[in-house]
Structures are given as C-alpha cells and as structure tokens.
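Within every chain, numbering begins at 1; the chains are lettered A, B, ... in the order of the sequence lines, protein sequences first and strands thereafter.
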Amino acid sequence: MLELRTLRERPDDVRAAIRAKQLFDAEPRLDELLSADAERRSLRRELEGLQAERNARSREIGERKRRGEDAADLMAGVADLAAEVKRGEERDRELAARVDALLLEIPNLPHPSVPYGEGPEQNVVVAEHGERRGGEGLRPHWELAEARGWIDFAAGTAVTGAGFPVFLGDGARLVRALTSFFLDRLVEEGFTEVAPPLLVNAESATATGQLPDKEGQMYQVADGFYLIPTSEVPVTNLHRGQILDEAALPLRYCAFTPCFRREAGSYGKDVRGLNRLHQFDKVEMVVLALPEESYDALEAMTAIAERMLVDLGLAFRRLLMCSGDMGFTQAKKYDLEVWSPGQARWLEVSSVSNMEAFQAARLETRCRPGGSQGQGKTRLVHTLNGSALAFPRTIAALLETHQTEGGEVVVPTVLRPYLGRDRLR
RNA sequence: GGAGGGUUGGCUGAGCGGUCGAAAGCGACGGUCUUGAAAACCGUAGACGGGGCAACCCGUCCGGGGGUUCGAAUCCCUCACCCUCCGCCA
C-alpha cells in the first residue's frame, strides 16, 4: 500500500497513476478515501482535545483520592465527557478501518521511466539476445517430452487435474539440475538461500499485495492459510515489523519453491504443455534495499537472470513493462521472455520488479543507521523481487531449442555437471 | 487432541486500577578521563500519528481485537503465538 501521506500530499499523482495503470475502479475509492481521511483528521483534532481533557480530569480524581479527599463531584462531571470520548473513538475506529481497507485498493505509482501504455502491446522491447532457432521439424516441448516420457501430462491430470504435470526420469532430473544451477549461481552472486514455508497467513499475503484483490488467484487451504503463488510472499515477509540497520542493506535472498496458482480464466494455446500450470517450480530473488539504491538493484537482478538464460543457450528479450501492463504493486518491472522454437512465440520466464516502499509500508519494514538501536528517523525500505527463473517455460524453451532430429535434447554445458550427461534420452 | 503456565521498550526482567511510556540490569548513544581504547563516572535516549517557524505541545501504543471504569500494562471476553506435561505422528 501507499503511505497515507503520499495520498494527502500528491493526490493528483495518485490519480494519474490509477489511470496510467488502467485500474479505473480505484479512482472512486481514492475519492472516498480522501474524504474519509479528511473527516478522520478533523475528528481526531477534536477527539484528541477531549481525550486530553478527560485524562487531565481523571488524573485530578486520582490525586484527590490519594490524598483521601472526596471526588464525587468531579467524577460526575467527567462521565459525560467520557461518553463523548467513547463515541468519538468508535467513529474514529470506523473511519480508520475504512481508510485502511481503501488504502489496500490503491495501486503503486509507476516510476517516471515507465512508459504509458494501455496493454501488453505497448511494452517496450529493451534488448534482444541470442539467435532464435527456426526451421522445419522443430517440435513443441510437449511432443518431445511425452515421446521420451520426460513429462506425463495425463498422469498429472489423473492424480490431480489439468495443470499439474508429472516429471519423470530425465525430465525430473532436469528439474533437479536446474534447481541446483539456479541456486548455486545466486549463492555465488551473494544471495542467501532460503527454504521458506509454502503456506502463508492472510497478513503475509496482504503485505505483499496478493490480498485483498487477487484472492481468487491463490489456493486457500484449511486454518486460513494460502498456498504460496510465489516465494516472494514468504521471503519478503521475513523482516516484517523490523527496523533494519542501513549498513546491513541490501539484504538479498534466493529461494527455490513450488508455486501454486489457480489461473482462473485461462484457455487455448496458453495452457498447452508447460505454458501455464497450477503448480510450478521457481527460483526467486528477493531484495530489501535502501531507497536510493533500489533501481541499481533492479538492473543488477535483471542482469543476473539474463546471464542464466545466456548460459542455458536460450534466445530471449527484455521488455520494459508499460504502465497498463505492470500490475498493482509494482513501480517498475522488466519481463524476460525466451524464444520457443517449437511454438514460434515468446514465453515469459522472469519478471523482475521494484515495489519501492509499497510492500514495506504494509510490512512495516524500516531502516535507519544503527538499526533498532540506532538514532534518527526511520525510513521504509524498498523491496524487489525477480524470478531466476521460472522452471516450466525455461524447460519448454530448453527442450525445443536444444532438440536434435532424433528427438533427444543436448544438455547445455552449465547443466552437465548436475545431470552427469550431455544428452537427455 | 487434552491439561496447565506465559506474551511488558534493542535484550533480560519488575510492575498495588490512579503522574506508568512504564523500575532495575545489560546493551546503545553523547560526554569526562586517556596518546588511543577499555574500565570508571556523568548524562541522553522508544515507535507511530496530529499540531507549531521553532523550543515544544497533544494523542495512541505494554502480543492482536473488543469490553468494564472518571481512569486499565494491571479486571473481563476473544483470537494469535510461545513454553511445560500427556496423547498421536514423519
């Protein structure tokens, strides 16, 4: 969420952001929020005066009683005041709850460098790397994988349902090899490896922005928990409510987890093969950074993900997302898309975003020199995350790109130590 | 799943319904001393919100949320979490 102060001081910027992000439903909420907040502030000014008066009189009663004097007259006078305070506090609670709920519906402001656009077609291709493989006889990954028994889509459907493929044999080993390759690389880069919970509570999901709006995208299980749609959620929540030492920033984490998404409403070619699943694996980077350093961190994270794609021998491009395709919580976002020769289309395998202080405000993750024992003002940290990388589409592109005429797959050099062979059979 | 005990400031830990935002110790910060440091001594110190040019003033916060009361860290209800014992379990 944005800080209330931002809405008060820059309501026009917030309104512009809502429109730029094409989230027009948020505009009436902004209006309601601003008026509720104004009402609350004037109420509070009045209420705080009453509270001060009540406190003073109660203190006087206390002092008299301690001296053994009678205070019945004072107590009678304060009763009305106390009742009025109570009414005020009730109204204040209502308004606070309203403001709080509405605040969750206001999207983050796009960074000035983000281009305006109404949808995906206006994303900007920043760079393209590698040579796209093309030609006759290149098969889509589902044909390759099913022919060799690396992936059994039908079995997954039987066990659970559509969108839950089963990896077998060299397919499963490829998953394990990628896991190690990604994590080892990120640890080399200085990230701390995390194995987080795969279920989170509503507070965590709210802090990172999955709730309340995207509730339908998560699987909810018993006891009010949600299956994580990305490890961004548990990992970003690691420092909830803390005041971090600025000298310790940036904090850089990486995590391998399965991710669970309901993906309601998807259809057609999007859901073919590994293109869109309800359960998939992903290695994620999560960074908590100083505000003045967060955009350098965004570039660095994107570069790390890109280098992995280069090492896997995949052709890819980097997109700068336009305002309308960026999503609710992000200030700036890059997508990396790999070329899928078997499908002749681009597939998103990574999304790297800077949320600035949007998540930190709800997380109450702050920093200052010296940390919780430090001096001076606290500031909200900036949070970032990025995939490095999402497995299914990486695997799809990898199988299709490195396929041979005989239906085998040449294993990229960097994965050979992990797989112990140079071909998938 | 059953029974009991807890949750207080960066940490440990006191706290009778009435100057308690909260003792004390540790830690932190500033200073004295020292060539420097340590020790010792003196002092300063919470977070969040509102108001004021400012010194400063006001409000809220003792796990979360409600309640009782003129007044709640202290009493009541409720939820969450932690600990101990029993049961079950990879």
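- In terms of the salt bridge (charged side-chain N to carboxylate O under 4.0 Å, His left out) criterion, residue partners of A:D170 (sequence neighbours excluded) are, by chain and number, A:R421.
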In residues 104-114 of chain A, what donor-acceptor pairs under 3.5 Å come from side-chain atoms, sequence neighbours left out?
unit_1, atom_1, unit_2, atom_2, d
A:N108, ND2, A:T329, O, 2.9
A:N108, ND2, A:M355, O, 3.1
A:H111, ND1, A:S113, N, 3.1
A:H111, ND1, A:S113, OG, 2.7
A:S113, OG, A:K332, NZ, 2.9

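- A:E189 pairs by the salt bridge (charged side-chain N to carboxylate O under 4.0 Å, His left out) definition with A:R307, not counting sequence neighbours.
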Show the atom names and distances, to 0.1 Å, of all donor-acceptor pairs under 3.5 Å that link a side chain in residues 196-203 of chain A to residues at least two apart or in another chain.
unit_1, atom_1, unit_2, atom_2, d
A:N201, OD1, A:E203, N, 3.3
A:N201, OD1, A:S204, N, 2.9
A:N201, OD1, A:S204, OG, 3.2

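- Annotation: salt bridge (charged side-chain N to carboxylate O under 4.0 Å, His left out) contacts of A:D31 (sequence neighbours excluded): A:R15.
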Practice item. Go along nucleotides 10-19 of chain B 5' to 3' and tag each nucleotide: B for a protein heavy atom under 4.0 Å from its base, S when only backbone or sugar atoms are that close, - otherwise. Key: B-------BS
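- Residues satisfying the ring-ring contact (aromatic ring centres under 6.0 Å, His included) criterion with A:F256, sequence neighbours excluded, are A:F391.
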Study note, to complete from the structure: Its contact letters, B for base, S for sugar-phosphate only and - for none at protein heavy atoms under 4.0 Å, make nucleotides 49-58 of chain B read BSS------B
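- Every stem involving RNA chain B, taken as at least 3 paired positions in a row under the Watson-Crick or G-U wobble test at 3.5 Å, is listed here: B:1-7 with B:80-86, B:10-12 with B:24-26, B:28-32 with B:40-44, B:46-51 with B:56-61, B:63-67 with B:75-79.
- By the salt bridge (charged side-chain N to carboxylate O under 4.0 Å, His left out) test, A:E60 pairs with A:R64, sequence neighbours left out.
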Atom pairs, N/O to N/O, protein against nucleotides 74-83 of chain B, distance under 3.5 Å?
none

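- Listed by chain and residue number, nothing satisfies the side chain to side chain donor-acceptor pair (under 3.5 Å) test with A:E84 (two or more places apart in sequence, or in another chain).
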